[in-house]
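In this chain, residues are counted from 1 in sequence order.
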Amino acid sequence: MSVNSKRVVYSNYLANPIYVDILKARSDVRLDRIENASPEDFYAPILSAAHVYQIGAARDELAPHFHVDAAFLKRTPNLLLVSSNGAGFDPVDVEACTDAGVVVVNQSGGNAHSVAEHALAMMLTLSKRIIQSDRRLRRERNVNRNELVGNEVEHKTVGIIGLGNVGRRIAALCKGLLGMKVLAYDPYLSAEVMAERGGEKVELDELLRRADFVSISCPLNKGSRNLISVREFALMQPHAYFITTARGFIHDEDALLQALRDKRIAGAGLDVWSKEPPPPEHPLLQFDNVLASPHTAGVTTEARQNMGRIAAEQVLDTLDGKRPPRIINPEVWPRYAERFKQAFGVTPG
C-alpha cells in the first residue's frame, strides 16, 4: 500500500489527541481535519477522497452540512466507514449509510464508567436534596434544615431502561455499593442475560410503577424516540426521580415539565436535551428539584482518552480489512465488503 493511500478525515474535534498520535504512526494513512467554518473549496475535495469520516457525536456542535445523510454521501463516493466519537451517533443517518454500503461504528463502552458514575451522582444528589440545600443557602439566611429532609438511596429500587454498557455498570454500582434492587427494561436482551448483568427483566410499565429512580441509558432510535412521555410519567411514583444520561428526545421535555409542575414526580436529573446546551431560560432549569448538566456525563479525562484510543484502533483495524467490533448496521457488510475490495484490492474478513 502506498504512502497516505488510506484517507481519514475528522470534523471539528476528537475525543483525545491520542487518536492523532495512533493514526500518524501509520505511513499509509493520511489524516485531514475540517471545521464548521471551513469553506467548501477546502473541504469538498477532502471529503470526496475520504475512506473514513470520524464524526462528532453531538448533533448541535456540528454544522448541518457535515451531518451524514443521503446528500452528504453523494459528496463522499469513496467513503467506507463513518466512525462516531462517542457511543451516540445522532448526526448520522444509519439507513442512508446502509443503502450506500457504508459501515457505521461507535465507541460504545468507552465512557461507560464515567456515565454510570454521573447517573449515580445525580441519584444521590437529588435524593439527599443536596442541590436544593446548596441553592437555598446561596439565596436565603437562616435556612431551616428541617425543610430539606432527604432520603437514603440504600435498598431502594432503581429501574434502568437499557441494560447495555452503561446500564449494566449503573446496575453494578447500585447493587454493589448500595444494595439496591435493580429492575431493567430492554427488549433486545433475554431475562437470562439481564440477570447476568444484574437486573430483573420487567416490562416498561412495571418498571415505571415500581422504581424509586428511573434511569435512561438506551440509545436513541426510532423505537426509543419519545419513549417516556405523558403516559409514562403518570405511571411513576410521586416520590420517584427521573434520571437520563442517554440522549435527548428519548423523553418528552414538555411532558416532563408538566409532570414536575403537577408534582407527579419528585424531581429529575438531566444530562441530555433536545437542544444542547439548553439556554439558561429553559423552563426545566427553573426548578430547584432539577439537577442539570450539559451532556457531560461521559466527559472525563479518562473516558476521553479511552474513547480516542478505541476509535483510532477500530479505524485502523477496519482499514486493515478486519471486521470492526462495534458495528451499528451489520446488515451492510456484504455490500461494504464489495466496495472495500474495489478500493483496496482485498476482501475484508
Side-chain angles (χ1 to χ4, degrees), residues 115-116 118-136 147-163 166-167 170-171 173-174 178 180-186 199-200 202-218 220 224-275 278 282-295 297:
V115 177
H118 198 96
L120 181 59
M122 282 185 154
M123 290 167 53
L124 289 166
T125 300
L126 288 164
S127 189
K128 296 284 290 180
R129 302 185 72 181
I130 295 172
I131 190 68
Q132 290 163 281
S133 299
D134 178 88
R135 289 170 178 171
R136 286 279 296 273
E147 296 175 353
L148 294 163
V149 177
N151 290 285
E152 294 182 353
V153 174
E154 188 175 23
H155 302 314
K156 297 296 194 300
T157 297
V158 58
I160 303 173
I161 298 175
L163 209 60
V166 173
I170 295 173
L173 289 173
C174 289
L178 298 164
M180 298 179 74
K181 182 175 182 59
V182 179
L183 306 178
Y185 170 73
D186 194 320
E200 175 190 343
V202 295
E203 292 302 316
L204 180 59
D205 286 6
E206 182 180 354
L207 181 151
L208 294 168
R209 290 190 181 102
R210 292 173 57 188
D212 300 301
F213 301 90
V214 173
S215 180
I216 309 293
S217 59
C218 63
L220 173 64
S224 64
R225 185 175 288 270
N226 280 334
L227 181 67
I228 307 299
S229 191
V230 175
R231 174 185 172 277
E232 288 71 31
F233 284 120
L235 292 175
M236 291 175 61
Q237 301 183 78
H239 68 266
Y241 291 95
F242 176 75
I243 311 291
T244 179
T245 53
R247 277 294 186 274
F249 297 109
I250 293 175
H251 71 281
D252 181 333
E253 288 186 355
D254 290 335
L256 174 58
L257 178 63
Q258 196 59 51
L260 290 166
R261 283 175 174 165
D262 295 345
K263 298 183 178 180
R264 295 197 203 109
I265 62 174
L270 308 175
D271 183 55
V272 293
W273 306 81
S274 59
K275 172 67 176 176
H282 194 293
L284 287 170
L285 294 177
Q286 312 314 309
F287 290 85
D288 279 355
N289 58 340
V290 170
L291 177 59
S293 53
H295 206 154

For side chain to side chain contact (heavy atoms under 4.5 Å, CB included), just list the numbers for Val158 and Ile243, CA-CA rounded to whole Å, side-chain angles, deciding distance to a tenth of an Å, and then say yes or no. CA-CA 10 Å; Val158 58; Ile243 311 291; over 6 Å; no
Heavy-atom distance under 4.5 Å between the side chains of [X] and [Y], does that happen here?
X	Y	answer
Arg136	Glu147	yes
Met180	Val153	yes
Leu227	Ile161	yes

Grab the two heavy atoms, one from [X] and one from [Y], that are nearest each other, plus how far apart they are.
X	Y	answer
Ile170	Ser215	CD1-OG, 3.7 Å
Cys174	Met123	SG-CE, 3.9 Å
Ile160	Ala171	CD1-N, 3.6 Å
Ala246	Ser217	CB-CA, 4.0 Å
Val290	Arg135	O-NH1, 3.5 Å
Asn289	Ala266	ND2-O, 2.8 Å

Can you tell me how far apart CZ (Arg231) and CG (Asp205) are? Round to the nearest 0.5 Å. 4.0 Å
I need the Lys128 NZ to Glu152 CD distance, nearest 0.5 Å. 6.5 Å
Check side-chain contact (heavy atoms from CB on, under 4.5 Å) between [X] and all other residues, then give those that pass, not counting sequence neighbours.
X	value
Gln237	Asp212, His239, Ala240
Thr125	Ile130, Ile131, Leu291
Lys181	Thr157, Leu183, Glu200, Arg210

Tell me, please, which residues at least two apart from His295 pass ring-ring contact (aromatic ring centres under 6.0 Å, His included). none
Residues at least two apart in sequence or cross-chain that pass ring-ring contact (aromatic ring centres under 6.0 Å, His included) with His251, listed by chain then number, are Phe242
With side chain to side chain contact (heavy atoms under 4.5 Å, CB included) as the criterion, how do Trp273 and Leu284 come out once you've worked through the C-alpha distance, each side chain's angles and the decisive distance to 0.1 Å? CA-CA 10 Å; Trp273 306 81; Leu284 287 170; 4.1 Å; yes
I'd like to know if the side chain of Asp288 and the backbone of Gln132 have a donor-acceptor N/O pair within less than 3.5 Å. no
Is Ser127 reaching over with its side chain to a backbone N or O of Asn151, donor-acceptor style, under 3.5 angstrom?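 Yes: the side chain of Ser127 pairs with the backbone of Asn151.
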Compute whether any side-chain donor of one residue and acceptor of the other, for Ser293 and Asp271, lie under 3.5 angstrom apart. yes
Might you work through the side chain to side chain contact (heavy atoms under 4.5 Å, CB included) test for Ile216 and Ile228, ending with a clear yes or no? CA-CA 9 Å; Ile216 309 293; Ile228 307 299; 4.0 Å; yes
In residues 252-265, what donor-acceptor pairs under 3.5 Å come from side-chain atoms, sequence neighbours left out?
from   : atom 1 : to     : atom 2 : distance (Å)
Asp252 : OD1    : Asp254 : N      : 2.9
Asp252 : OD1    : Ala255 : N      : 3.2
Asp252 : OD2    : Ser229 : OG     : 3.2
Glu253 : OE1    : Ser274 : OG     : 3.2
Glu253 : OE1    : His282 : NE2    : 3.0
Glu253 : OE2    : Ser274 : N      : 2.8
Glu253 : OE2    : Ser274 : OG     : 3.4
Gln258 : NE2    : Asp262 : OD1    : 3.0
Gln258 : NE2    : Asp262 : OD2    : 3.2
Asp262 : OD2    : Arg264 : NH2    : 2.7

Side chain to side chain contact (heavy atoms under 4.5 Å, CB included) assessment of Asp186 paired with Cys218: CA-CA 8 Å; Asp186 194 320; Cys218 63; over 6 Å; no
